[in-house]
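Reviewing the structure listed below.
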Amino acid sequence: MKIVDPHFNGVNSGHYAPGVISNGMVYVSGQLSLDPDTREVCKDDIRAHARQALENVDRVLKAAGSDRTKVVQCRVYTTKGEYWGPVNEEYAAYFGDHRPARIVGTVPELHFGGLVEIERNSDSEDMLSRHCFRSTSGYCQSRDKKRGLLTMMVKSDGG
């Protein structure tokens with residue numbers, strides 16, 4: 001397991017890592033719609049909140065050596081059901097033709113007054129290239145001979 005440090009300038013007192021690489025996958029902790037360098041919450045409309053959360057996720061992915069084209073699954077949380085449309089439009093613009101698995105949930109509130117929080121799981125190409133073989137089922141199976149582990153994951157880049 002490797003901790004991912006995107007070198008955010010703001011001080012975060014939460015007891016968690018922004019990202020973790022484990023068994024060829026990048027796990028990105030929930031990223032709020034706040035500037036991670038200043039710790040200021042976005043003050044604009046819901047679209048700006050969505051873009052800020054997505055930009056924060058991008059920084060963690062880049063620090064992990066990954067990118068949005070390798071995202072396998074996202075969980076998107078927002079504080080109102082009416083935000084789903086604009087958040088979905090920003091999300092679609094961000095991913096383009098790539099369509100990872102997703103859940104969108106409405107929650108009563110988010111920390112610091114944010115309107116959007118996004119977490120995701122992504123392939124770590126570096127890890128996959130060393131340990132992956134393609135199975136007939138279309139899944140990528142990763143074997144760790146040292147620990148006797150077999151992990152199955154979908155490669156989101158179609159490879």
Side-chain angles (χ1 to χ4, degrees), residues 1-44 46-79 87-105 107 110-133 139-144 146-147 149 151-159:
M1 183 172 87
K2 179 183 173 190
I3 302 299
V4 177
D5 182 3
H7 303 290
F8 294 152
N9 292 325
V11 176
N12 182 353
S13 61
H15 187 74
Y16 66 93
V20 175
I21 299 172
S22 179
N23 290 321
M25 294 291 288
V26 178
Y27 297 88
V28 178
S29 293
Q31 297 296 308
L32 290 163
S33 54
L34 62 80
D35 183 322
D37 296 321
T38 65
R39 305 294 294 167
E40 290 184 25
V41 176
C42 182
K43 293 178 178 40
D44 294 325
I46 187 61
R47 291 176 181 281
H49 277 261
R51 284 191 302 271
Q52 180 66 61
L54 290 164
E55 288 170 16
N56 295 347
V57 170
D58 252 1
R59 285 181 63 180
V60 178
L61 288 173
K62 286 177 186 168
S66 190
D67 63 61
R68 68 182 76 169
T69 67
K70 295 175 184 74
V71 171
V72 175
Q73 180 186 41
C74 290
R75 289 180 191 90
V76 180
Y77 305 96
T78 186
T79 56
V87 168
N88 186 59
E89 290 171 8
E90 294 299 326
Y91 181 95
Y94 172 83
F95 277 111
D97 291 334
H98 180 60
R99 291 177 176 249
R102 180 182 75 177
I103 184 171
V104 177
V107 296
L110 292 168
H111 200 44
F112 302 116
L115 300 180
V116 176
E117 182 170 3
I118 300 172
E119 98 178 87
R120 62 181 59 173
N121 301 326
S122 174
D123 281 349
S124 170
E125 196 61 39
D126 178 49
M127 301 292 259
L128 288 171
S129 63
R130 285 184 274 160
H131 302 293
C132 246
F133 63 92
Y139 287 88
C140 174
Q141 296 182 338
S142 174
R143 290 193 190 274
D144 183 333
K146 249 189 224 179
R147 292 180 277 171
L149 297 176
T151 306
M152 293 190 72
M153 61 195 111
V154 178
K155 283 198 66 160
S156 60
D157 63 2

Original post:
Going by heavy atoms in the side chains, are T79 and L110 under 4.5 Å from each other?
Top reply: yes
**OP:** Over all heavy atoms of both residues, which pair between G14 and N12 is shortest? Give the atoms and the distance, please.
**Re:** N-OD1, 2.8 Å
Original post:
Between F8 and N56, what is the shortest heavy-atom contact and its length?
Top reply: CZ-O, 4.1 Å
Original post:
Between Q31 and S29, is there a donor-acceptor pair closer than 3.5 Å when you use the side chain of the first and the backbone of the second?
Top reply: yes
**OP:** Work out which heavy atom in D67 is nearest to a heavy atom in L61; give both atom names and the distance.
**Re:** C-CD1, 3.8 Å
Original post:
Would a 4.5 Å heavy-atom cut-off, applied to side chains only, mark V72 and M25 as touching?
Top reply: yes
**OP:** Please confirm whether the backbone N or O of H49 pairs with a side-chain atom of D44, one donor and one acceptor, at under 3.5 Å?
**Re:** no
Subject >> Basic-acidic side-chain contact under 4.0 Å: R68, D58 >> reply: yes
Original post:
Do R59 and D5 sit within salt-bridge range, that is, some charged N less than 4.0 Å from a carboxylate O?
Top reply: no
Subject >> The single option from V71, I21, V20 passing side chain to side chain contact (heavy atoms under 4.5 Å, CB included) against V26 >> reply: I21
Subject >> For R75 against I103, the heavy-atom pair lying closest together >> reply: CG-CG2, 3.3 Å
**OP:** Considering non-hydrogen atoms only, spot the tightest contact between L115 and T78 and give its length.
**Re:** O-OG1, 2.9 Å
Subject >> Value rounded to 0.5 Å, distance of CG in L32 from CZ in F112 >> reply: 7.0 Å
**OP:** Give a yes or no on whether the backbone of T38 and the side-chain of N9 come within a donor-acceptor separation of less than 3.5 Å.
**Re:** no
Subject >> Atom pair CZ (R102) and CG (N88), whose distance is rounded to the nearest 0.5 Å >> reply: 4.5 Å
Subject >> Candidate pair I46 and V116, rule side chain to side chain contact (heavy atoms under 4.5 Å, CB included), full reasoning >> reply: CA-CA 8 Å; I46 187 61; V116 176; 3.5 Å; yes
**OP:** Answer yes or no: is there a donor N or O on one side and an acceptor on the other, between the side chain of S33 and the main chain of Q52, under 3.5 Å?
**Re:** no
Subject >> Face-on cation placement of R51 at Y94 ring, 6.0 Å and 45° thresholds >> reply: no
Original post:
Between Y27 and S22, which heavy-atom pair has the shortest distance, and what is it?
Top reply: CE1-O, 4.0 Å
